[in-house]
Every structure is written in structure tokens, then in C-alpha cells.
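The figures here come from the full heavy-atom set of this structure, side chains too, leaving out hydrogens, waters and symmetry mates. Order of the sequence lines fixes the chain letters, A, B, ..., with proteins taken first and strands second; residue numbering starts at 1 for each chain.
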Amino acid sequence: MNEFKISAEDFDLELTMTCGQTFCWHRIEGELYGEGNSKFYTFRNGEPLIVEQQDDKLQVRTNLSEDEVLNALGLNEDLESVFSGFPEDERLEKAREELWGLRIVQDEFFPCLISYLCSPQMRIPRIKEMHNKMAREYGEIREVDGNELLRFPTQEELFEATEEELRELGVGYRAKYIVETLDILQEGFDHSELDSMNYEDAREHMKRLYGVGDKVADCVLLFSKNFHEAYPLDTWALQAVEKHYPEHHSEDYDEASRNLRDYFGENSGYAQEYIFHAARNDIIDV
DNA sequence: CCCCAGGCACCTC
DNA sequence: GAGGTGCATGGG
């Protein structure tokens, strides 16, 4: 594997990996949502990618290109200009101070989708457990530098899983979401078609997948398809909106989503991440 | 034992 | 299209 450094200003690797947006990255030595070192890995196109932060540089081991690494970590984005595009906003400003360096990753579509299919009525650490169990059972354990790295299964590999087997892994009623969605994917659902769509069409297209509603569609579009205007509205996010942005709140998902995208603009997904994480960490109250 | 968790599909009306 | 309901599993 190649080894190189890339500059990573305005970037907090630890925060980005552990804030709950991604289930596709893993901590080497330790649990992702627990204690451990500050070295993380994932796979892209079956290639391992290992990253460690050293101040404002990243130490990288991979055969992927530097561009692919930058893209995976959301580093090909100027964080300052993302924030300068937001309206003046007290809570966002506070979240910015506390969480500066948090970036939106770009995971691979398939593992991202399957993780979020598991997310309904589930706590974040347990979604991660499910992701890891599927990786162990249907993916690959690859040894790199004496570490056992988990590669999530490909679409074809996971297609072999039955609903019953998945239930035995503990994913509950979400097993049906996974097998039904895999059928639709195998029948020719091509996620690259999303790339040429506008956001609202893309969200509707995503909802053709079984188990994908507005919220899951938004997460997958935001964290794997570069739709930074997507503003995932889960129970936390919606509570925060109701309390702090009552003028944008609505019980209707589409309406609230439109209000928030109108208010925060083309990078409203970044606003969501900062506000969501701040709310969950008592930086701003809900 | 009860409650709820980063919702969703499906059924009424 | 709006509103109600069942859903697997584990932890508080």
C-alpha cells in the first residue's frame, strides 16, 4: 500500500467519524463509539483506506488516489465558505465553535444504504453493531499490518443472505427491508442515476427502495451521494426545529424539509449535522 | 414490566 | 392524503 500525508486544515477526524453520520468507518483498536486510538479505516472499491490525524495533517495508507481520499472524508470542500453561506444564526454559531472540523463524509452508496435501512427505531451504537455483524458474516476480514479489518459485503455478497439469516443477526423487522431492497437493486436500480437528478427527484427515486422513507433517503443522499441540501429529520432534529426554529417547523416532513432548505441554503445538510450533534451533546438545548 | 430508540409500510377512511 | 397501527430487539 502507498503511504502519504495530506493536509487537513479545518478538519477533526475523530469528531467526523464518531458523530453518528457514518457506520462505514471503523476505529483500529477500540470501538467506534467508545474509547480507542485516533486511527480509522474504511474500504472503497474493496481497497482499504487507513487514516490517522497528526495535527493538521493526515497520515494515510491506501492504494486509492489522494482525490478519492479527499472525497471520502469531505475534505474537497471549503468549510469556511460552507458556513459563510449560512444566514446569521446564534445556535449555528455556537455549534460551529464547539464542533469546528466536523465534516460530512462521502461513504459508498451500498454500505451506507444498508446501514440506514437498519436505523429505524434503533440507537446509533446498535446500528453500528448490525453493520459490523453483516460485515463479518457476509463480507471479508482482511489482515493489514497485523490488524483485522472488516470489509462490508458487496451487493452481490449480501444478496445471498436470507431474511431469516439476517433476523438471526439481530436486525429484527429490518431484515425484510434489506432483502426486498436487495431484490430491487439486483433488478437494476442504478444509484448513479441519482447523480444527474435534482434533490427532490433524487429523494423520490430513493423511496422506490423498500424500507426507504424520507428520513433514510435524506441520510443516504447526504452521506453518500453528495446532496448537501438534504436535511435529515429524525426525532432529534425535528425536536430541535420545533424548539429553536418554530417558524420552520411542520409535522409534514416535506414541508419542514423545504422550510429548512430555504432557510439554510444549499448546504443545509451541514447545518443539520452541526445542530444535530450540538443538540445531542447538550451544546445547545433541545 | 414498561418504555423507547436517528421510521417505515400498510391499512382505513 | 391524512391519520392510526404493528413492528424486532435490547437497554434503561
Side-chain angles (χ1 to χ4, degrees), chain A residues 15-25 31-34 95 99 102 104-105 107 111-134 137 161-185 200 203-225 227 230-244 249-258 260 268-284 286:
Chain A
L15 185 54
T16 298
M17 292 302 131
T18 61
C19 73
Q21 62 176 312
T22 180
F23 304 95
C24 303
W25 284 81
E31 296 294 318
L32 183 57
Y33 302 124
L99 304 172
L102 168 60
I104 291 174
V105 298
D107 282 331
C112 178
L113 168 64
I114 300 298
S115 313
Y116 279 99
L117 278 181
C118 293
S119 70
Q121 291 183 284
M122 201 43 64
R123 291 175 196 278
I124 289 172
R126 285 201 57 209
I127 303 169
K128 180 62 178 156
E129 277 177 35
M130 295 175 184
H131 180 100
N132 288 1
K133 280 184 182 172
M134 283 186 273
E137 195 69 25
T162 66
E163 183 173 340
E164 195 161 304
E165 288 170 0
L166 289 168
R167 277 177 186 266
E168 282 170 21
L169 284 187
V171 305
Y173 62 83
R174 300 157 199 81
K176 187 175 182 189
Y177 296 169
I178 297 171
V179 295
E180 295 287 326
T181 279
L182 274 160
D183 280 342
I184 300 170
L185 293 176
E200 293 193 348
R203 196 174 71 185
E204 286 312 301
H205 193 65
M206 283 295 298
K207 285 162 71 176
R208 289 176 42 210
L209 299 172
Y210 190 83
V212 175
D214 287 314
K215 153 66 171 61
V216 168
D218 271 340
C219 286
V220 178
L221 289 176
L222 179 59
F223 302 130
S224 83
K225 295 304 286 182
F227 282 92
Y231 196 109
L233 284 164
D234 54 59
T235 46
W236 279 83
L238 206 55
Q239 272 184 55
V241 171
E242 190 170 13
K243 170 147 189 187
H244 297 298
H249 180 264
S250 168
E251 294 298 330
D252 180 68
Y253 191 101
D254 195 43
E255 190 179 334
S257 167
R258 254 184 289 113
L260 291 157
S268 53
Y270 254 97
Q272 192 272 3
E273 274 306 285
Y274 273 76
I275 291 169
F276 175 73
H277 198 60
R280 292 190 70 116
N281 288 278
D282 294 325
I283 293 168
I284 61 176
V286 176

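Separating the P atom of B:dC8 from that of C:dG11 is a span of 24 Å, rounded to the nearest Å. Look at the P atom in both C:dG10 and B:dA9: the space between them is 24 Å, to the nearest Å. For the C1' atom pair drawn from C:dG4 and B:dG6, the interatomic distance equals 22 Å after rounding to whole Å. B:dA5 and C:dG3 are spaced 23 Å apart, taking the C1' atom of each and rounding to whole Å.
No donor-acceptor distance shorter than 3.5 angstrom exists from the side chain of A:Lys215 to the backbone of A:Pro232, with no hydrogens or angles considered. Checked by atom type and distance alone, the side chain of A:Glu163 never pairs as donor or acceptor with a backbone atom of A:Val179 at under 3.5 Å.
Using a 4.0 Å cut-off between charged nitrogen and carboxylate oxygen, A:Lys207 and A:Glu204 count as a salt-bridge pair.
Within the model, atoms CD1 of A:Ile127 and CG of A:Asn132 stand 12.0 Å from one another, a figure rounded to the nearest 0.5 Å.
For the side chain to side chain contact (heavy atoms under 4.5 Å, CB included) criterion with A:Ile104, the lone passing option out of A:Leu222, A:Thr16, A:Thr22 is A:Leu222. Screening A:Tyr231, A:Tyr116, A:Tyr253 against A:Asp218 for a side-chain hydrogen bond (donor to acceptor under 3.5 Å, both in side chains) leaves a single residue, A:Tyr253.
For the pair A:Thr235 and B:dG7, the criterion of a side-chain N or O lying under 4.0 Å from OP1 or OP2 is met. Put simply, A:Arg280 has a side-chain N or O that comes within less than 4.0 Å of OP1 or OP2 on B:dG6.
Of the residues in residues 172-181 of chain A, A:Gly172, A:Tyr173, A:Arg174 come within less than 4.0 Å of DNA chain C through at least one heavy atom, sorted by number. Of the residues in residues 112-125 of chain A, A:Ser119, A:Pro120, A:Gln121, A:Met122, A:Arg123, A:Ile124 come within less than 4.0 Å of DNA chain B through at least one heavy atom, sorted by number.
Using a 4.0 Å heavy-atom cutoff across all strands shown, A:Gln21 reaches at least one base atom of the nucleic acid.
Each of A:Leu209 and A:Pro232 lies near DNA chain B, and the nucleotide nearest A:Pro232 is the one positioned closer to the 5' end. Sequence order on DNA chain B of the closest nucleotides to A:Glu273 and A:Gly211 puts A:Glu273 first from the 5' end.
No more than 12 heavy-atom neighbours from other residues, nucleotides or ligands sit within 6.0 angstrom of CD on A:Glu31.
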